[in-house]
Protein chains: 2
Amino acid sequence: MENQRIRNGRVTIHDVAAAAGVSISTASKALNNTGRMGDDTRERVKRVATEIGFRPNALAKGLLSNRSFTIGLLTNDTYGRFTLPVMAGITEALVDHGVSVFLCTIEDDPALGKVHVDAMLDKSVDGIIASGKRIDRRLPVDLSHLPVPVVYAFTEGTPGSVTFCADDFQGATLAVEWLMGLGRRRIAHITGPESFVSVRERARAYRSLVGDTLPVLYGTWSEAWGHEAVAKLWGTPGPKPDGIFCGNDQIARAVVDALRERDVRVPQDVSVVGFDNWEIVAAQTRPPLTTVDMNLKALGREAGLTVLALAEGRAVEPGIRTLPCELVVRQSCGGNPDH
Amino acid sequence: MENQRIRNGRVTIHDVAAAAGVSISTASKALNNTGRMGDDTRERVKRVATEIGFRPNALAKGLLSNRSFTIGLLTNDTYGRFTLPVMAGITEALVDHGVSVFLCTIEDDPALGKVHVDAMLDKSVDGIIASGKRIDRRLPVDLSHLPVPVVYAFTEGTPGSVTFCADDFQGATLAVEWLMGLGRRRIAHITGPESFVSVRERARAYRSLVGDTLPVLYGTWSEAWGHEAVAKLWGTPGPKPDGIFCGNDQIARAVVDALRERDVRVPQDVSVVGFDNWEIVAAQTRPPLTTVDMNLKALGREAGLTVLALAEGRAVEPGIRTLPCELVVRQSCGGNPDH
DNA sequence: CTGAAAGCGCTTACAG
DNA sequence: CTGAAAGCGCTTACAG
């Protein structure tokens with residue numbers, strides 16, 4: 001009685017229509033809450049649809065509406081240290097809208113980037129979010145003339161695009177003010193390469209609060225540099241810092257280790273604060289790090305909602321949107337963990 | 001002359017047909033290398049297609065063939081520590097086949113898992129790869145009666161499924177034999193919770209080579225445990241180990257740190273080998289860790305090709321496929337880095 | 001060797 | 001209030 005269309009096992013709208021005793025047009029309208037029909041009809045169709053387990057074929061819908069309910073996340077962050085939180089935020093924001101996310105990790109290879117972008121365009125993605133490892137570098141692929149909306153998150157966007165990034169200045173301010181609030185007066189800043197915009201922004205915030213009695217120590221994003229920097233600070237005569245603001249958690253971890261090796265107590269003698277809230281580093285440090293969280297998940301959430309808005313044709317103001325950071329208090333500073 | 005179909009900017013097969021002066025059927029057959037026609041016609045159609053930038057709409061193709069050229073990767077590994085390498089392998093293997101990958105990170109939430117699986121099925125994914133954090137736990141979602149093929153990689157599969165995992169026994173053997181080859185005779189094993197199959201397998205390999213003069217130290221996957229274990233071993237009188245095989249890199253890192261704090265030299269006095277080759281830990285340890293790599297990328301590659309084979313209807317032998325591990329030699333053991 | 005027609009699963013004017 | 005028809009972009013028997 002109803003098995004004339006069991007083609008590949010999937011229940012189609014024809015099955016719903018047959019089972020509800022209406023035409024497929026009516027079935028469609030009932031399910032989409034469009035058209036005009038008796039409430040009883042609409043309800044019956046809906047009930048029947050759930051009963052026989054109807055799920056509309058997204059491919060067919062997409063062919064009509066030119067919307068596929070998929071978006072692509074393009075990144076060159078192989079480790080996923082920054083991209084994974086961003087991805088989590090995107091997914092969280094979009095799963096309720098039925099949108100699934102393609103993840104494409106391109107190394108720094110333009111050809112590979114193009115292959116992935118083309119593969120996504122072939123699938124009619126509704127939009128693309130570009131992400132990366134730093135906010136002052138572009139991905140090795142040009143996304144400026146694509147037939148779908150593009151949003152940038154934690155990577156440099158093209159002029160006129162929508163770009164989301166964390167507020168480095170505000171985050172650094174949070175960290176230094178926290179140290180000052182704990183009574184620290186000689187606060188050092190050990191950080192990454194000066195070529196990073198983030199590094200310069202954080203240093204600028206540090207300077208604006210601490211003044212320039214102490215030099216900013218620029219280096220690499222490595223534990224080795226953290227050790228070296230501590231050796232520098234403690235190897236010269238004169239008063240030592242009682243607070244250290246580090247450019248990332250790896251440096252902070254090394255700083256804490258290096259201080260322990262010199263029998264300097266953290267946090268009693270020196271308070272240390274990190275940046276990134278990279279759990280795996282921050283939580284394993286002894287003592288665990290108080291550090292700045294860039295709220296990358298929130299950033300992903302915003303980027304997801306924005307690309308969705310653009311896909312739906314809603315207007316979005318272009319420009320750089322800066323989201324605030326947050327201080328995560330653990331034990332490396334002492335002080336009241338209840339903020 | 002050719003702009004009657006500029007609907008949403010996309011070039012369709014109609015445009016190709018018109019531009020080449022053939023019917024759309026012929027155009028389709030020319031582009032797909034099917035049907036019979038003059039070589040000149042076929043070539044002309046192809047040339048015209050590239051010239052006007054034709055890219056077939058994957059949604060339309062999918063509607064016909066019931067293949068979407070997408071697959072889903074489902075995981076509960078939020079950090080991506082295991083899933084990201086697996087994902088990289090999958091992508092590497094499938095991008096040449098035009099397949100894009102949906103990444104769905106479900107926490108350990110069954111409801112969320114179902115939402116993601118349904119979203120993927122709606123999009124007619126050609127298959128699903130399930131991945132996780134350990135090989136003896138299932139994802140919190142039942143994938144056994146899905147209308148698409150499912151392959152498991154680094155997570156427990158259902159009976160009768162295809163499952164890929166690393167060879168823990170062989171990997172551990174590699175590590176211990178390396179220590180023995182360096183002349184180490186009192187080799188300890190500090191590892192994770194005995195409840196993990198991987199832990200038991202690795203311990204079994206260790207036992208089979210070292211015998212049972214020394215106890216296996218089971219603990220947690222943390223640096224804290226590494227420190228504690230060293231304190232145990234060095235805190236009791238009697239001969240000390242000259243080699244330590246650690247259950248993962250975090251423990252190994254802590255062991256190296258703890259030994260340094262006791263002025264035991266690594267690798268001169270004690271050789272330490274880790275497990276996982278988790279770059280961010282292994283490379284930052286002082287000295288960098290010699291460690292076992294589970295080849296998760298290769299695992300992903302195999303899983304990707306297998307799910308593709310199943311999607312294309314090719315027969316695949318069910319069962320557990322074990323892939324060999326590999327030793328990555330750095331400096332924590334001494335010995336010849338040229339293996 | 002080539003093309004007209006039917007159809008994949010759905011939606012949306014348009015008639016009744 | 002409901003349904004027949006056309007169409008999204010493609011492929012694939014089937015005729016010629």
Side-chain angles (χ1 to χ4, degrees), chain A residues 4-46 48-49 52-69 98 121-124 126 147, chain B residues 4-46 48-49 52-69 98 121-124 126 147:
Chain A
Q4 76 272 30
R5 298 191 62 88
I6 306 215
R7 305 206 147 254
N8 53 63
R10 215 170 153 153
V11 178
T12 76
I13 198 167
H14 288 91
D15 303 317
V16 176
V22 296
S23 73
I24 58 162
S25 342
T26 302
S28 172
K29 279 175 282 194
L31 296 170
N32 292 298
N33 288 321
T34 56
R36 316 233 76 238
M37 73 190 63
D39 285 350
D40 48 338
T41 313
R42 201 181 288 279
E43 285 316 312
R44 179 160 43 86
V45 172
K46 285 185 173 176
V48 165
I52 66 179
F54 170 69
R55 314 214 89 224
N57 183 324
L59 262 39
K61 278 186 115 112
L63 197 52
L64 273 301
S65 63
N66 217 31
R67 289 248 355 235
S68 62
F69 293 91
L121 292 179
D122 288 350
K123 278 145 203 152
S124 306
D126 297 334
Chain B
Q4 78 272 29
R5 298 191 61 88
I6 305 214
R7 306 206 143 253
N8 54 62
R10 217 171 151 150
V11 178
T12 77
I13 198 167
H14 287 91
D15 302 317
V16 177
V22 295
S23 71
I24 58 163
S25 341
T26 302
S28 172
K29 279 176 282 196
L31 295 170
N32 291 299
N33 287 321
T34 56
R36 318 233 73 240
M37 74 189 64
D39 285 349
D40 48 338
T41 313
R42 200 182 288 280
E43 285 315 315
R44 180 161 42 86
V45 172
K46 285 186 174 178
V48 165
I52 66 178
F54 171 69
R55 312 213 90 224
N57 182 325
L59 262 39
K61 277 186 117 112
L63 196 51
L64 274 301
S65 63
N66 216 31
R67 289 244 2 233
S68 62
F69 293 92
L121 292 178
D122 288 349
K123 278 146 202 152
S124 306
D126 297 334

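Values below: all heavy atoms of this structure, side chains included; hydrogens, waters and symmetry mates excluded. Letters A, B, ... are given to chains in the order of the sequence lines, protein chains preceding strands, and every chain is numbered from 1.
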I need the [X] [atom1] to [Y] [atom2] distance, nearest 0.5 Å.
| X | Y | atom1 | atom2 | result |
| --- | --- | --- | --- | --- |
| A/Ser68 | B/Asn57 | OG | CG | 9.5 Å |
| A/Lys46 | A/Asn33 | NZ | CG | 3.5 Å |
| A/Ile24 | A/Asp15 | CD1 | CG | 11.0 Å |

Look at [X] and [N] and indicate whether a side-chain polar atom (N or O) is within less than 4.0 Å of OP1 or OP2.
| X | N | result |
| --- | --- | --- |
| B/Asn32 | D/dT11 | yes |
| A/Lys61 | C/dT11 | yes |
| A/Thr12 | C/dC8 | no |

Whether A/Arg42 side chain and A/Thr34 backbone form a donor-acceptor pair below 3.5 Å: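 Confirmed, A/Arg42 side chain pairs with A/Thr34 backbone.
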A/Arg67 side-chain N/O to A/Asp126 backbone N/O, donor-acceptor pair under 3.5 Å: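 Here the side-chain-to-backbone pair does not exist.
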I need the [atom1]-[atom2] distance between [X] and [N], as an integer number of Å.
| X | N | atom1 | atom2 | value |
| --- | --- | --- | --- | --- |
| A/Asp122 | D/dG9 | CG | C1' | 13 Å |
| A/Leu64 | D/dC10 | CG | P | 14 Å |
| A/Leu31 | C/dG9 | CG | P | 16 Å |
| A/Asp15 | C/dC10 | CG | C1' | 13 Å |
| B/Arg10 | D/dG9 | CZ | P | 9 Å |
| A/Asn66 | C/dT12 | CG | C1' | 16 Å |
| A/Leu63 | D/dC10 | CG | P | 9 Å |
| B/Asn57 | D/dG7 | CG | P | 18 Å |

Nucleotide opposite D/dA4 in a Watson-Crick or G-U pair, distances under 3.5 Å: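 Because no pair has both required distances under 3.5 Å, D/dA4 counts as unpaired.
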Check whether any side-chain heavy atom of A/Arg55 sits under 4.5 Å from a side-chain heavy atom of B/Leu121, and report yes or no.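 Of all side-chain heavy-atom pairs linking B/Leu121 with A/Arg55, none is under 4.5 Å.
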Check: B/Phe69 and A/Asp122 side chains under 4.5 Å, non-hydrogen atoms: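 No, too far: nothing below the 4.5 Å cut-off.
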Which nucleotide wins on minimum distance to the side chain of B/Met37, given the candidates C/dT2, C/dG9, D/dT2?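 Nucleotide nearest to B/Met37's side chain: C/dT2.
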B/Arg36 side-chain proximity, nearest of C/dT12, C/dC1, D/dT11: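 Closest nucleotide among those given: C/dC1.
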Can you check nucleotides 3-6 of chain C for protein contacts, nitrogen or oxygen pairs under 3.5 Å, and list what you find?
residue: C/dG3; atom: OP2; partner: B/Ser23; partner atom: N; Å: 3.2
residue: C/dG3; atom: OP2; partner: B/Ser23; partner atom: OG; Å: 3.4
residue: C/dG3; atom: OP2; partner: B/Thr26; partner atom: OG1; Å: 2.9
residue: C/dG3; atom: O6; partner: B/Lys29; partner atom: NZ; Å: 2.5
residue: C/dA4; atom: N7; partner: B/Ser25; partner atom: OG; Å: 3.1
residue: C/dA4; atom: N6; partner: B/Ser25; partner atom: OG; Å: 2.8

Between C/dG7 and D/dA4, how far apart are the two P atoms, rounded to whole Å?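 Pairwise P distance, C/dG7 against D/dA4, rounds to 16 Å.
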Go nucleotide by nucleotide along DNA chain C from the 5' end; which of B/Ala60 and B/Asp40 gets its closest nucleotide reached first?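 Here B/Asp40 is the residue nearer the 5' end.
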Counting the atoms with a prime plus P, OP1 and OP2 as sugar-phosphate, which does B/Thr41 contact under 4.0 Å by heavy atoms, base, sugar-phosphate, or nothing?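 The residue B/Thr41 makes sugar-phosphate contact but no base contact.
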